[in-house]
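Heads up, the thing below is written out as structure tokens.
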Amino acid sequence: SFPHDGSKSVDTAPVLTAPENITVAATDESGTALSNTQIAAFLTSASAIDVDDGNLSVSHDAPETFPMGPTLVTFTVTDSGDNTQTAQATVTITDQTAPVITLNGASSLTLTNEESYVELGASALDNVDGNVSADIIVAGDSVDTSIPGTYTVTYTVTDDKGLVAIATRTVIVQDAA
């Protein structure tokens, strides 16, 4: 006799339910670790029930680190009658984070019309593409220290995924006292 349903036989395979496919933000250029909360929840949400054995634990072949792009995960369960079921779902790792621009020097400068403005530049890091400082485009106002006023210098950088970061520096030119 079978504990859950006497009409079933030991030859009945368990029912395995895989989670829905997910897309997760990359941590860095190598991808995202198995310990990421979204991935961990994905892996533990697979479930299996067997007519003879009840709820069963499910194993998976997930890597320690999910690389950029899609990774197919196979979930497997075997019941006491050696009936095995598999199901699959995909974890896709994508770059979802824009670079970060760090201005060299202050974000706001005040000069007199007797001083000259020296562009201090900026650096930019991206969690996937690394150092993208060479890709920074400096635009906005041309600072003319002979004309008092407020000038805005804009720094823009785009990573390989097309994610954009913008930073600004305000330069205030005042008449010399």
Q) Given side chains that start at C-beta, do those of Asp135 and Thr158 come closer than 4.5 Å, heavy atoms only? A) no

**Q.** Flag, side chain of Asp126 to backbone of Gly130, donor-acceptor distance under 3.5 Å
**A.** no

Q: Taking Asn127 for its side chain and Thr27 for its backbone only, find out whether a donor-acceptor pair lies under 3.5 Å.
A: yes

Q. Is any side-chain heavy atom of Asn55 less than 4.5 Å from a side-chain heavy atom of Ser47?
A. no

Q: Could I get the full list of side chain to side chain contact (heavy atoms under 4.5 Å, CB included) partners for Glu114, not counting sequence neighbours?
A: Thr112, Ala176

Per-pair distances, 0.1 Å, donor-acceptor, side chain in residues 64-78, under 3.5 Å, sequence neighbours excluded:
from	atom 1	to	atom 2	distance (Å)
Thr74	OG1	Gln88	NE2	2.9
Thr78	OG1	Thr84	OG1	2.9

**Q.** Closest non-hydrogen atom pair, Gln38 against Ile22
**A.** O-CD1, 3.9 Å

Q. Transitive ILVMFWY cluster of Val164 at side-chain heavy atoms under 4.5 Å: who else is in it?
A. Ile166

Q | Partner set under side chain to side chain contact (heavy atoms under 4.5 Å, CB included) for Thr44, not counting sequence neighbours | A | none

**Q.** Qualifying salt bridge (charged side-chain N to carboxylate O under 4.0 Å, His left out) pairs, either residue in residues 14-40, two or more places apart
**A.** none

(Q) I need the full list of ring pair (Phe, Tyr, Trp, His ring centres under 6.0 Å) pairs touching residues 103-130, with sequence neighbours left out, sorted by first then second residue. (A) none

Q. Between Val132 and Leu125, is a side chain to side chain contact (heavy atoms under 4.5 Å, CB included) present by the stated rule, with each step listed?
A. CA-CA 6 Å; Val132 291; Leu125 290 176; over 6 Å; no

Q: Starting at CG of Asp50, measure out to OG1 of Thr12 and round the result to the nearest 0.5 Å.
A: 7.5 Å

**Q.** Exam field: side chain Thr168 to backbone Val153, donor-acceptor pair closer than 3.5 Å
**A.** no

Table please: side-chain donor-acceptor pairs of residues 90-106 below 3.5 Å, with sequence neighbours left out.
from	atom 1	to	atom 2	distance (Å)
Thr94	OG1	Gln96	NE2	2.9
Asp95	OD1	Thr97	N	3.1
Asn104	ND2	Leu120	O	3.0

(Q) Checking Glu119 now: which residues fulfil salt bridge (charged side-chain N to carboxylate O under 4.0 Å, His left out) with it, not counting sequence neighbours? (A) Arg169

Q: Kindly write out the residues that satisfy side chain to side chain donor-acceptor pair (under 3.5 Å) with Asn131, not counting sequence neighbours, or none if the list is empty.
A: Ser133

(Q) Distance check, rounded to the nearest 0.5 Å: Ile136 atom CD1 versus Ser123 atom OG? (A) 6.0 Å

Q.
Among residues at least two apart in sequence or on other chains, which ones pass side chain to side chain contact (heavy atoms under 4.5 Å, CB included) with Asp141?
A. Tyr151, Thr152

Q) Same cluster or not: are Leu16 and Val51 linked, directly or through other Ile, Leu, Val, Met, Phe, Trp or Tyr residues, by side-chain heavy atoms under 4.5 angstrom apart? A) no

Q: Report yes if the side chains of Leu43 and His60 come closer than 4.5 Å at any heavy-atom pair, otherwise no.
A: yes

Q: Please step through side chain to side chain contact (heavy atoms under 4.5 Å, CB included) for the pair Thr110 and Gln174, ending with a clear verdict.
A: CA-CA 7 Å; Thr110 301; Gln174 300 173 335; 3.6 Å; yes

Q) Which residues pass the side chain to side chain donor-acceptor pair (under 3.5 Å) test with Asp82, sequence neighbours left out? A) none

Q.
Tell me the closest heavy-atom pair linking Pro19 and Ala46, and the distance in Å.
A. CD-CB, 3.9 Å

Q. Asp144 and Val173: side chain to side chain contact (heavy atoms under 4.5 Å, CB included), yes or no, with the steps?
A. CA-CA 8 Å; Asp144 183 347; Val173 178; over 6 Å; no

Q. Counting N and O atoms only, with roles assigned by atom type, does the side chain of Asp53 sit under 3.5 Å from a partner on the main chain of Ser80, one being a donor and the other an acceptor?
A. yes

Q) Going by the salt bridge (charged side-chain N to carboxylate O under 4.0 Å, His left out) test, which pairs reach into residues 146-161, not counting sequence neighbours? A) none

Q | Gap separating the CG atom of Asn113 from the CD1 atom of Ile147, nearest 0.5 angstrom | A | 10.5 Å

Q.
Restricting to non-hydrogen atoms, name the atom on Ala13 and the atom on Asp79 that form the minimum distance, rounded to 0.1 Å.
A. CA-OD2, 4.3 Å

